[in-house]
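The shown structure was predicted, so the numbers you read here are calculated from the model rather than taken from an experiment.
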Amino acid sequence: MSDSPLIAALCLCGFPLLATAALVRAADHEDLPPSHSVTPELYATGFEFAEGPAFDAAGNLYVVNYRGNGNIGQIAPDGTARVFVDLRKVAPHEERQPQANGLKIDREGRLIAADSGAGRLLRIAADGSSAEVLADGANGRRFNSINDVALDLQGNIYFSDPGGSNADNAIGAVYRYDITSAQVAQLAGELAFPNGLGVTPDQKHLCVCESQRYQLLIFDVQEDGTVANQRVLIEFPRENSGELVGGLYDPDGLIFDQQGRAYVAMWTGGVINVVDVATGTLIRQYNAGGSQATNVHFHDGYLYTTVATKEAVFRLPLGIEGFDYNGSPAQ
């Protein structure tokens with residue numbers, strides 16, 4: 001039996017427990033600071049196009065395009081910064097210019113990179129000395145421009161390939177790289193610029209930002225790694241509503257906190273929208289530090305944001321811990 005009298009009563013009336021629990025959780029966000037109450041702190045500058053923040057276990061921050069496109073920068077905990085790797089040297093391409101976009105760190109400390117410039121999924125050695133191409137196409141077709149990457153707790157890699165540039169040219173797709181078989185499978189297609197994505201902490205759902213339709217999609221993750229039941233989790237508001245700012249703002253990158261809430265960087269909106277995944281509700285909104293907010297990542301109670309117009313990384317003192325996508329899978 002549930003400990004909640006409300007849940008128990010609604011279950012007796014025939015309501016499913018999952019929906020009831022979601023109802024209760026929708027009001028349970030007192031740990032989050034109020035919307036627009038947090039002042040972004042400038043953390044690092046010098047990025048041609050700031051994107052793809054990711055932290056390793058030692059607290060080093062990696063961001064793409066540091067001191068020039070094609071580089072990946074490393075900012076140490078003491079604030080010192082350097083070019084960690086130049087993709088044009090470790091992963092050259094005969095026809096296209098390598099340039100990373102989204103980044104994640106795997107359990108071995110290697111960088112998983114969406115090489116948007118050359119349309120490849122890369123895995124970069126923990127010391128930055130080398131890189132391997134995990135995939136550059138699927139189903140007999142080369143990838144166009146891989147945008148972002150995400151990991152599940154098994155280490156499998158999910159990534160987006162936007163394809164077209166608007167809702168009338170919906171040829172984007174989402175893929176999964178199986179870490180055991182090294183095979184790539186397309187999970188979804190005909191999307192209008194799929195962008196940031198992530199597997200929910202309970203590993204039951206995949207969320208994908210469909211940028212050119214201004215919405216966040218959600219899929220059910222099956223035991224075999226495929227997905228089903230594509231649906232819209234939330235259409236982001238196009239009008240202001242109280243303290244929440246709306247507009248035709250593309251959702252870009254996303255990350256989850258330990259409670260499973262999604263933090264979505266809203267491109268030209270210059271804000272981070274916080275979504276309660278259980279209910280598809282917009283529950284908070286924070287200043288990202290400037291317009292063209294591209295991506296987000298948690299570390300040590302801060303939410304780090306990359307802001308392209310400022311060529312910078314900001315951090316928001318939310319006092320919230322992020323979900324550890326390199327944690328141990330549930331047994």
Side-chain angles (χ1 to χ4, degrees), residues 18 52 54 101-116 119-124 132-163 170-210 215-233 251 253-256 258 260 262 264 275 277-278 280 322-331:
L18 179 61
N101 201 52
L103 298 175
K104 289 293 185 294
I105 308 289
D106 72 9
R107 203 168 293 168
E108 283 72 44
R110 299 169 297 190
L111 277 171
I112 306 299
D115 181 1
S116 61
R120 303 175 298 178
L121 179 66
L122 301 178
R123 183 163 60 196
I124 301 165
E132 55 184 315
V133 178
L134 298 181
D136 61 5
N139 304 324
R141 184 183 68 85
R142 290 291 304 273
F143 297 132
N144 179 44
S145 180
I146 297 178
N147 188 287
D148 210 349
V149 292
L151 302 175
D152 65 17
L153 289 177
Q154 302 291 342
N156 300 304
I157 305 168
Y158 298 74
F159 58 99
S160 56
D161 185 17
I171 60 173
V174 172
Y175 298 88
R176 177 181 182 269
Y177 176 87
D178 188 288
I179 198 67
T180 301
S181 68
Q183 296 299 305
V184 174
Q186 181 175 321
L187 301 181
E190 299 183 353
L191 303 180
F193 208 92
N195 203 322
L197 72 173
V199 180
T200 55
D202 63 9
Q203 305 294 282
K204 294 181 179 180
H205 302 99
L206 173 69
C207 291
V208 178
C209 293
E210 192 176 22
Q215 60 191 16
L216 184 62
L217 303 176
I218 189 168
F219 303 79
D220 299 335
V221 177
Q222 311 296 295
E223 289 187 6
D224 63 358
T226 60
V227 298
N229 194 20
Q230 174 183 329
R231 57 207 184 272
V232 176
L233 179 64
L254 69 83
I255 201 76
F256 295 102
Q258 288 182 344
V264 183
V275 177
V277 174
F323 168 64
D324 180 9
Y325 53 80
N326 281 321
S328 301
Q331 301 298 318

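Ile157 contributes atom CD1, which lies 5.0 Å from atom CG of Leu121 (distance to the nearest 0.5 angstrom). Considering CG of Asn156 and OH of Tyr177, their distance stands at 10.0 Å, rounded to 0.5 Å. Rounding to the nearest 0.5 Å gives a distance of 11.5 Å between CG of Leu187 and OG of Ser160. For the atom pair Leu122 CG and Glu132 CD, the distance stands at 9.0 Å (nearest 0.5 Å). Considering CD1 of Ile112 and CG of Leu134, their distance stands at 6.0 Å, rounded to 0.5 Å. If you take OH on Tyr158 and CG on Asp152, they are separated by 4.0 Å, rounding to the nearest 0.5 Å.
Counting heavy atoms from C-beta on, the side chains of Cys207 and Thr200 come closer than 4.5 Å. No side-chain heavy atom of Asp115 sits under 4.5 Å from any side-chain heavy atom of Phe143. Under the 4.5 Å side-chain criterion, counting only non-hydrogen atoms from C-beta, Ile146 is not in contact with Asn101.
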Are Lys204 and Ile218 close enough, and set up right, to give a side chain to side chain contact (heavy atoms under 4.5 Å, CB included), and what steps lead you there?
-> CA-CA 10 Å; Lys204 294 181 179 180; Ile218 189 168; over 6 Å; no
Would you check, one step at a time, whether the test side chain to side chain contact (heavy atoms under 4.5 Å, CB included) holds for Phe219 with Val208?
-> CA-CA 8 Å; Phe219 303 79; Val208 178; 3.8 Å; yes
List the steps and the verdict of side chain to side chain contact (heavy atoms under 4.5 Å, CB included) for Val277 and His205.
-> CA-CA 10 Å; Val277 174; His205 302 99; 5.6 Å; no
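When each of Leu217, Val174, Leu197, Leu216 is tested with Glu210 by the rule side chain to side chain contact (heavy atoms under 4.5 Å, CB included), just one qualifies, namely Leu217.
Nearest heavy-atom pair, Cys209 versus Val264, reported as atom, atom and distance to 0.1 Å: SG-CG1, 3.8 Å. Pro162 and Ser145 get closest at one heavy-atom pair: CD-O, 3.1 Å. A pairwise comparison of heavy atoms in Gly253 and Asp148 identifies CA-OD2, 4.1 Å as the closest pair. Counting all heavy atoms, side chain and backbone alike, Pro201 lies closest to Gly260 at CG-CA, 3.7 Å. Closest approach of Leu191 to Gln230, counting heavy atoms only: CD2-NE2, 3.8 Å. Listed here is the closest heavy atom pair of Leu151 and Asn326: CD1-OD1, 3.9 Å.
Taking the six-membered ring for Trp and thresholds of 30 and 60 degrees, Tyr175 and Phe159 have nearly parallel ring planes, at less than 30 degrees apart.
A salt bridge links Arg176 to Asp178: at least one charged side-chain nitrogen sits closer than 4.0 Å to a carboxylate oxygen. Salt bridge present: Asp220 and Arg231 bring a charged side-chain N and a carboxylate O closer than 4.0 Å.
The 12-atom threshold is exceeded at CD of Glu108, counting heavy atoms of other residues, nucleotides or ligands nearer than 6.0 Å.
For Asp224 (side chain) and Thr226 (main-chain N/O), a donor-acceptor pair under 3.5 Å exists by modelled atom type. When atom types are taken as modelled, the side chain of Gln203 and the backbone of Leu153 share a donor-acceptor pair closer than 3.5 angstrom.
A donor and an acceptor atom, one from each side chain of Asn144 and Asp161, are nowhere located under 3.5 Å apart.
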